[in-house]
Amino acid sequence: MSEIVLEKNVIEALDKGGDLERLKFHLDKFSDSNAALILFSRSESKSPIQELLKKLKKIVKGYGLKTKIEKIVVERIKDKMQQASRSGCFEEVKSKFKESIWVYPLVHGGANYGYICLIIENGKLSKKVLDFIEDYLAISLEKALKELELIKVHGTLRPRAIALSSVHTVHRLISSTLNMDELLPRLARLCLQVTRAKSCAIYLRFGNYLKPKTAASVDSSEKPHKIDLFNSKIGKALEAGTIVLSKNALWVPLIEEDLIGAIGLKSKQNGRPFDLNDKEILSVLSEQAVVAIKNARLYETQNKILIESLQSLSNVLEAKSPEIHTHPKSFIDLVLAIADEYGVSQEEREYIKYATLLLDAGKIAVPENILKKADLLTEREYSSVQEHPIKGAEIIKKVKALKPAVPIILHHHERFDGKGYPKGLKGNKIPLGARILAVADSFEAMICHRPYKKIKNYSSAMDEILKQRGKQFDPGVVDAFIACANKGKIKRISQRMMEEVKKKR
Amino acid sequence: MKKFFKTINRDSVLKKVLKFYYNNPGSIDTAESIAKWIGEEESLIAKQLEYLMEKNILNKDKSYAMVVYSYTQDKHIIAAVKEFMEGEGRD
């Protein structure tokens, strides 16, 4: 705040604070007269006499005083203002009139903020009262200055605190996902929101380039372009770890030891230029973004390792006994096509994927001769086969990361009408993933080779699935399956699965 | 929007929430935090945030553990709110 603005604000705060009204009330009582208190800023004290005269006359009239303010009195008041500035104490203004006039300097901490002119219509005030007024004004001035300080703190700290709270919220939002396809668009949208920029793009590094992975914008169709890290001004700056702040753009590097990407913002929605606040906020956000991207990448790697391990588990079974039927590799495409059509959540989709890859694991615990048998199974043999979901679930549940897949594996042979195994669960009590797997597993069993069953052609298998809608299978899942078939997906996957089984045989 | 602004005039808490986002358009926060910034009951604020979200003045984001609200990016709505708020200042 500039000195002049501060002085103006101090005078205003004193004027509106109510302290002067209270002082006037007491002075009226002390002097048994009418008192006027007139505030002057320091700049006003330098005003021409005519101007001051006009002001004084107007205020004195406003107070209802009959005092006759003349030019000579104003000149004296002006002189006393200068004297009071030097002395720091009240100064009496001598005049030939019956009124008593004093000038008080508004001084605090060595700084002069202006003056108060006190006019008592009749009589005099004792030295004690004048000293009291001096103290009273000092306290009022201090109070006004503190109020202004509070307003200043409120005006500068509150927006920063609100912005920091938003940054913290963004941190929580971006940390809550480990899926890169979800994380980057969310990050772009949140950066756009916090900075109120017109567009935001998230870039990731690929060799010597930063390539835009996602963008969010407000009424902008401009597509972000890749950035050459060694042959462009912005690229070079980002590679050096420097934030680039210009009037209409803000670039912040994403650094995890080396440059891994960047956040690029263009133009503020309100037309103002980007400022240091934007720079500060985005630089904190970029640090959080680096951690979130790192976590998502670690999760992706971990996931890849997990899926490869699961695939090798079914490969073990296949390698050990090639005659035993295991699901073809494309079976997972069939399951996920139905799951996507049904509209499962991203999380549920992951667990269905794991369960599908682990579907054959329980067969390890079933005697080989039973799995290979082409004739009808005895009751005992059949109950051993029926146990494979339980055995599979037993094997998997020891792996913490796979726990959510356990109920899907355990119940994939349940029927919607409750006549399935192992628990005889009915309807929606069967986990969704298991209901999806049940349709896919039965369809695959019908069109691919099984030692105990003759294969069906595509349309007979489709008819059979439809026939079992609401009986063996969840009607919603069957509808999703049919919708996939209408898009040609099931036919394509079926062909791939049959080719894989043929090759194996 | 005119009908909506009439509603706002009858509800001081709703007006406070709108004013908060008008003054802090970059804010993204939970009902709990907004209640603290405004100095009102969280349950009251949560209700008004939902109402403003239904009116497309606020956006809502969800994650597992939280629901957060942020100001619209729609320039027509922003302009209408600005006009209303500046009119308030003149009163």
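Worth knowing before you read on, the calculation uses all heavy atoms, side chains too, and leaves out hydrogens, waters and symmetry mates. A, B, ... follow the sequence lines: proteins, then strands. Residue 1 opens every chain.
- When all heavy atoms of Ala188(A) and Ala215(A) are compared, the pair lying nearest together is CB-C, 4.4 Å.
- Leu276(A) CG: 12 or fewer foreign heavy atoms inside a 6.0 Å radius.
- For the residue pair Val252(A) and Ser283(A), the shortest heavy atom distance occurs at CG1-CA, 4.1 Å.
- Residue Leu192(A) touches chain B through both its backbone and its side chain, counting heavy-atom pairs closer than 4.5 Å.
- Across all their heavy atoms, Ile174(A) and Ala292(A) have their closest contact at O-CB, 3.8 Å.
- Aromatic ring orientation, Tyr203(A) versus Trp251(A): tilted (interplanar angle from 30° to 60°).
- Between Ala405(A) and Tyr351(A), the closest heavy-atom pair is CB-O, 3.8 Å.
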Donor-acceptor pairs under 3.5 Å, chain A to chain B, main chain and side chains both?
unit_1	atom_1	unit_2	atom_2	d
Arg158(A)	NH1	Trp37(B)	O	3.0
Arg158(A)	NH2	Trp37(B)	O	3.3
Ser165(A)	OG	Asp29(B)	OD1	3.3
Ser165(A)	OG	Asp29(B)	OD2	2.6
Ser166(A)	OG	Ile28(B)	N	2.9
Thr169(A)	OG1	Ile28(B)	O	3.0
Thr169(A)	OG1	Asp29(B)	OD1	3.2
Arg189(A)	NH1	Asp61(B)	OD1	3.1
Arg189(A)	NH1	Asp61(B)	OD2	3.0
Arg189(A)	NH2	Asp61(B)	OD1	3.1
Gln193(A)	OE1	Gln73(B)	NE2	3.0
Gln193(A)	NE2	Pro25(B)	O	3.3
Gln193(A)	NE2	Tyr71(B)	O	3.1
Arg196(A)	NH1	Pro25(B)	O	3.3
Arg196(A)	NH1	Tyr71(B)	O	3.4
Arg196(A)	NH2	Thr72(B)	O	2.7
Asp219(A)	OD2	Lys75(B)	NZ	3.2
Gln269(A)	NE2	Gln73(B)	OE1	2.3

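- Looking at Val170(A), the atoms closer than 4.5 Å to chain B (heavy atoms on both sides) all sit in the side chain, from C-beta outward.
- Listed here is the closest heavy atom pair of Ala355(A) and Ile408(A): CB-CG2, 3.6 Å.
- For Ile78(B), the part sitting under 4.5 Å from any heavy atom of chain A is the side chain, from C-beta outward, and nothing else.
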